[in-house]
Amino acid sequence: MFNPSDDIKFLSGVGPQRAELLEKEIGIRTMGDMLNYFPYRYVDRSKVYRISEIDGNMPYVQLVGQIVSMEPIGEGRNRRIVGRFSDGTGFIELVWFQGLRFVGKAYKVRTTYLIFGKPTVFNGRLQINHPEIETVQDNADIPEIKGYSFRPYYHTTDKMKRGFLASAAVAKLISNLFALITDSLPETLPRPIIDQYRLMSYDEAMHNIHFPTSAEALRRAQARLKFDELFYIQLGILRYARNRKERQGGLIFTTVGDNFNTFYHKHLPFPLTEAQKRVIREIRQDMRAGYQMNRLLQGDVGSGKTLVALLCSLIAIDNGYQVVIMAPTEILAEQHLETIRRFLEGMPQLRIELLTGSVKGKKRKEIMEGILDGTIHILIGTHAVIEDNVRFRNLGFAVIDEQHRFGVAQRAKLWDKRTTPTQPHVLVMTATPIPRTLAMTLYGDLDVSVIDQLPPGRKPIRTIHQFLHHINRIHEAMRTELRKGHQVYVVYPLIEDTEKMDLENLEEGYQQMREAFPEYKVSRVHGKLKSSEKEAEMTAFAAGETQILVATTVIEVGVNVPNASVMIIMNAERFGLSQLHQLRGRVGRGAEQSYCVLVTKQELSETTRKRIQIMVDSTDGFEIAEADLKLRGPGDLEGTQQSGMAFDLKIANIARDGQILTYARSAAEQLLESDPTESLPENRIAWKRLQELRSDNINWGAIS
């Protein structure tokens, strides 16, 4: 009898020793865990070849015949066992380099075996190294006769293999597990959803995911189980978001008053793009809806996110509330201060102040008093704004820039600054484009707005790929721009496991730049410098005191330098696409044509060449982020680790299963809308299943 919560040690073929190995190596503790341990690939085993048909260029083959001789060859490390295998049409050698004692006892001559492996040619003879072998008792065991086609392959570890738990052994254990299942596995989705999306039954899907009867059955099984996984993630996220809105009342901003209208009609520096107008409408709708706004604003560098945040801040001020804007670094906070003060030059009634760790003494005391008595309308700062002694009179709107740079606990401290029972509205901004499918999963409980237009007049950055041996050509191009009075970034990678080597490369590059450009001032900045040293170097570059800045990715989110027109990225093959796009966004801030040069070694893999070509061909951050997701997966993308995927996907793939994710989210939305009280009998399965998953391993709140 099958019970998913039963200890795996009670499964036939496991026992205490193997149970310990399964739990320690791959986390399988119960029968249910084993059932949900899915194969990572399948090999079609429906065809049996004759030895006379095969050659050394075929991927995998299956043969039926007998071992006609077995003998050990060589001594010491070169010792191996070679078996001559024949099916009557020819001979092939079976070779073992490990487990020789086991092989000598397990396989016998003149016994019929089914052999599977990759054929190669050595010294003119066909051979298969370490073949998979099964005994054939009669013709019914031959795959072509018994209709057996797809063989599942499971991830295993070296320790498992040493404990005789290779992929075939795992498959055998799962086969033993299915022998215990006498009834159909209970359904996990409501019948209306199964019918609407024409999904395979859960029982049929579980059988076919492990032991597919055909390619079509495997495809449908995968689609069903991916839908299941993504549906419950989306249902959990959407339900969490709904409950949060119901639980946390928000300030209601009914007024669009003098400050907004004066700025919009008299001081707006340039017309808003249609994308900016759309986003402001979306935020405005949230601000008067009666629940706390939690909105993610995405937009490429230079798309005008700061102007949108300012206009929405003026709405909060018109309704009698204060605004805080939190940035990850002092230099970025100072840049926001300078930008917003410049925008509001004609509106002296508004007080904007900066609070960072560097603000001390009398000035700091004045700012603290202004925050408390409400005379400061907009406070801009770093994490200093969330210190315990910073108290607002009436905080109503919080803007968090580059939110993945802040921890959850830091962001939560902002809510403690309120003086009313209701939560301040929150706008989190990022210039890191997040693919739609990933945003739906990572930030599914946030409303997402996208500024997908650049202001008119901006020239697209030209991206060029060059090889390292063309460095003299690159230097000449740099010199051309420097003579025009422009500035240049030169970026080196900095990756933890090769940090010492990377720093040496950066220092060497710094010296090369000084030698190649003695007439210009060269500075350098990297993560090992003190914060004050970094700030000083960045400020000097922004002020035009240095012309070439040699740096690591610490400049990825950094100061706005419109005069910088060239970005050189050394060893560009070591960066992800999204990171390359972020770095490229450091230039192109002014009216002049800007350039990004991706410098790589000449020997590149096919995947790396594709990645570099995507950067050359496209300046669309979202297109690039989608490509990065497909090539690297969600866990590798900049920012997603900090954001915290609070669940492990067992079968679905965010990069490849976007269509299924869309269907799953739509189904979850329909279920929540049609059953807000969670009481309809036909949906009982879904709510019960969601509760089981919540108590199991998914922390929905962690991703907000």
Side-chain angles (χ1 to χ4, degrees), residues 257-273 275-277 279-280 283 297 299-318 322-356 358-359 363 366-367 370 375-382 385 397-402 427 429 431 451 453-459 486-487 535 538-545 557-565 585-592 594:
D258 289 343
N259 288 303
F260 182 94
N261 287 319
T262 299
F263 178 74
Y264 189 84
H265 295 294
K266 294 183 179 179
H267 301 291
L268 200 64
F270 40 76
L272 298 178
T273 63
Q276 286 173 309
K277 290 177 184 177
V279 169
I280 290 169
I283 295 171
L297 175 56
D300 261 344
V301 170
S303 62
K305 296 185 299 298
T306 304
L307 186 55
V308 166
L310 174 58
L311 282 159
C312 297
S313 297
L314 294 175
I315 294 174
I317 294 167
D318 280 336
Q322 292 167 287
V323 175
V324 64
I325 299 174
M326 189 161 77
T329 65
E330 287 200 12
I331 199 162
L332 202 53
E334 287 167 3
Q335 183 178 302
H336 279 313
L337 178 74
E338 182 187 330
T339 301
I340 289 173
R341 277 186 172 166
R342 190 171 64 249
F343 280 149
L344 298 177
E345 268 177 353
M347 301 175 68
Q349 73 276 20
L350 295 177
R351 185 179 173 193
I352 306 106
E353 295 289 356
L354 178 74
L355 183 63
T356 68
S358 300
V359 178
K363 181 65 175 174
E366 287 174 2
I367 289 172
T375 56
I376 291 178
H377 300 93
I378 300 176
L379 179 69
I380 300 168
T382 56
V385 304
F397 186 50
V399 179
I400 304 172
D401 195 19
E402 291 304 335
L427 182 69
M429 304 195 302
I451 302 178
Q453 282 177 285
L454 288 177
R458 285 282 176 93
K459 291 181 180 176
H486 297 159
Q487 291 164 278
E535 299 280 345
M538 295 288 280
T539 302
F541 187 68
E545 294 168 14
V557 175
V559 68
N560 183 9
V561 185
N563 192 47
S565 64
R586 291 293 99 211
V587 296
R589 303 301 190 90
E592 299 294 324
S594 291

Does some side-chain heavy atom of Leu314 sit less than 4.5 Å from a side-chain heavy atom of Ile317? yes
In Å and rounded to the nearest 0.5 Å, what is the CD1 to NE2 distance from Ile352 to His336? 14.0 Å
If you count the non-hydrogen atoms of other residues, nucleotides and ligands that lie under 6.0 Å from CG in Asn261, is the total more than 12? yes
With sequence neighbours excluded, tell me which residues meet ring pair (Phe, Tyr, Trp, His ring centres under 6.0 Å) with Phe260. Tyr264
With the side chain counted from C-beta on, respond yes when Val561 and Arg586 share a heavy-atom pair under 4.5 Å apart, and no when they do not. no
Using side-chain heavy atoms (C-beta onward) and a distance below 4.5 Å, is Phe270 in contact with Leu307? yes
State, yes or no, whether a side-chain contact exists between Gln349 and Asn259 at a heavy-atom distance under 4.5 Å. yes
Here the gap from Ile340 atom CD1 to Gln335 atom CD, rounded to the nearest 0.5 Å, amounts to 10.5 Å
Show the numbers, then the answer: is there a side chain to side chain contact (heavy atoms under 4.5 Å, CB included) between Leu310 and Leu344? CA-CA 9 Å; Leu310 174 58; Leu344 298 177; 3.9 Å; yes
Please examine the side chains of Ile315 and Ile283, heavy atoms only from C-beta on, and report whether any two atoms are closer than 4.5 Å. no
Asp401 vs Thr306 side-chain heavy atoms within contact, under 4.5 Å: no
So CD1 of Ile325 and OG of Ser313: to nearest 0.5 Å the spacing works out to 4.5 Å
Please examine the side chains of Leu379 and Gln322, heavy atoms only from C-beta on, and report whether any two atoms are closer than 4.5 Å. no
